[in-house]
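Report on the structure given below.
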Number of protein chains: 2
Amino acid sequence: MTTYDNDALKPIATVDLAIFSLAPAGLSVLLVRRANAPFSGEWALPGGWIHIDEDADLEGAARRVLKEKTGVETPYLEQLQTTGSADRDPRGWSISIVYIALLSADDVTEGQDAMAEDAAWRPIEGEGAGLSLAFDHAALLKEALGRIRSKVEYSSLPGHLLPVRFTLSELQSVYESLLGRKLDKSAFRKRVAEADFLEPVEGEMRRASNRPAQMFRLKDAQSLVLFDRRI
Amino acid sequence: MTTYDNDALKPIATVDLAIFSLAPAGLSVLLVRRANAPFSGEWALPGGWIHIDEDADLEGAARRVLKEKTGVETPYLEQLQTTGSADRDPRGWSISIVYIALLSADDVTEGQDAMAEDAAWRPIEGEGAGLSLAFDHAALLKEALGRIRSKVEYSSLPGHLLPVRFTLSELQSVYESLLGRKLDKSAFRKRVAEADFLEPVEGEMRRASNRPAQMFRLKDAQSLVLFDRRI
DNA sequence: CTAAGTTAGTTGACATTTATCACTAAGTGA
DNA sequence: TCACTTAGTGATAAATGTCAACTAACTTAG
């Protein structure tokens, strides 16, 4: 085993985030416009160097970046993957640890003031492959989308994109929009009940010109519940 | 965004591997005894610095370490997770990108000469939580075991631990031993047939003092096939 | 040569689970 | 009071899993 006699032999390490929310237009990702070289002026996933004097660990670094860009402190946060190669950054051998964050619709509306000026929500169109982003961020975003789409099939993931309180019908629409197909109401409710990640907000109903609907909230806003079978 | 004016501000980055095989005693992991500080003399997962002049990318670094320790070049290899914190290595802020590798029984027997002298196979007992390893490697190993055990439920993973050619009954035993429960022969064969990751080796049979069994091999020795439902 | 023993591989009956779709419930507004 | 809309539940058909019996193909003992 060799040692790093020379720090110049160390790779560069950054933490990058794929931050998702449900804008009215559907699933959207937060992008920032780069101010400096390389790729100055181009859009990229929010991210930054690890600050070894400030960040206790990788997840701490991810939370710091998230707070800087959105003002949100306690979202759903999950490590996606790590890429690293000699040529993904013109400045040298670099590593990117990528996290996925899901923001509730309430986080987005409440956090509008706190949001960084260089940041913007971009709706995902189709497979989301069409975007041109700095570094290898288009590929990273594609991976993140793949992970999200796959987890919708067998987890409570969509619950983290809604407002804090929502009805079962609203939850079902989010599943349907992320999956791109209709679900049966009865089967959907059976799955949700079994998975046991919701609790009713007692006495609170969504009222419209029809039968009122019971409102629910996630039992745990930070964690994902996996289903036994597909939704 | 800040820049690294000083390389001393960069974290240390290593690639570590949880390399598994099926020794006669059951699932086993390859450990190496550390020759240098820190944790000199203690057992650890095989790993090493990223060599920015030699490794093209992270997976390349993982393959290099794997070859150094086992002589094997083309195993099943999968990125598990990345940990990084200020205190996991006494030398400073450090990142470890952890890979899981699965070696076929043939790899192990053929590669015995090529295996590094400081390395040894250690059988996993129970949950594998009892081992005391350098750094946070005990926790990393536990994560790796969790990933493997969970993937056995819905993937072709056990096929990568057997010799290149094997019978369906042998495959079923490996599933059973990793899952810790018996499976129904008929249901098992239905799943395996549906998942379509095996091909028969025409004319080749396992002979014993009973009816001969058809031998099979993986259609693709590097990739995992996921099932629609649990095994 | 034959019968007993062993494991491979298949088949079918039955129980359980899951999908599909129709139904009842509870509100609004004309 | 009736038409309309969405919420929520139940009933039946289809699919799937479980269990165990069955046939097949070999070796070995007598």
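To find a chain, count down the sequence lines: A is the first, B the second, and so on, and within it residues start at 1. Quantities reported herein were computed from a predicted structural model and do not represent experimental measurements.
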Tell me whether Asp106(A) is salt-bridged to Arg165(A), with the criterion being a basic N under 4.0 Å from an acidic carboxylate O.
no
Is Lys69(B) salt-bridged to Asp118(B), cutoff N-O under 4.0 Å?
yes
Side-chain donor or acceptor of Arg211(A) under 3.5 Å from a matching atom on the base of dA7(D)?
yes
Is the shortest heavy-atom distance from the side chain of Leu178(B) to the side chain of Arg149(B) under 4.5 Å?
no
Are Tyr175(A) and Arg191(A) close enough that some pair of their side-chain heavy atoms sits under 4.5 Å apart?
no
Using a 4.0 Å cut-off to any heavy atom of chain A, which nucleotides of DNA chain C are the first and last in contact, reading 5' to 3'?
dT18(C) to dT28(C)
Crowded around Lys67(B) NZ? As in, over 12 foreign heavy atoms under 6.0 Å?
no
Strictly below 4.0 Å, heavy-atom distances to any atom of DNA chain D: list the hits from residues 157-191 of chain B, or just say none.
Asp184(B), Ser186(B), Arg191(B)
In Å and rounded to the nearest 0.5 Å, what is the CG to CZ distance from Leu58(B) to Arg63(B)?
12.5 Å
In this structure, CG of Leu77(A) is separated from OG of Ser223(A) (nearest 0.5 Å) by 13.0 Å
Within residues 194-209 of chain A, which residues have any heavy atom lying less than 4.0 Å from an atom of DNA chain C?
Ala208(A), Ser209(A)
Worked verdict on Phe216(A) versus Phe166(A) for ring pair (Phe, Tyr, Trp, His ring centres under 6.0 Å):
CA-CA 5 Å; Phe216(A) 291 84; Phe166(A) 50 85; 7.4 Å; no
Step by step, work out the side chain to side chain donor-acceptor pair (under 3.5 Å) result for Thr14(B) and Asp16(B).
CA-CA 6 Å; Thr14(B) 67; Asp16(B) 295 303; 3.2 Å; yes
Distance check needed: dT5(D) C1' versus Asn210(A) CG, whole Å only.
5 Å
Cation-pi check, Arg122(B) onto Trp43(B) ring (under 6.0 Å, within 45° of axis)
yes
Want to settle it: does Arg229(B) or Pro212(B) sit nearer the 5' end of DNA chain D, counting the closest nucleotide to each?
Arg229(B)
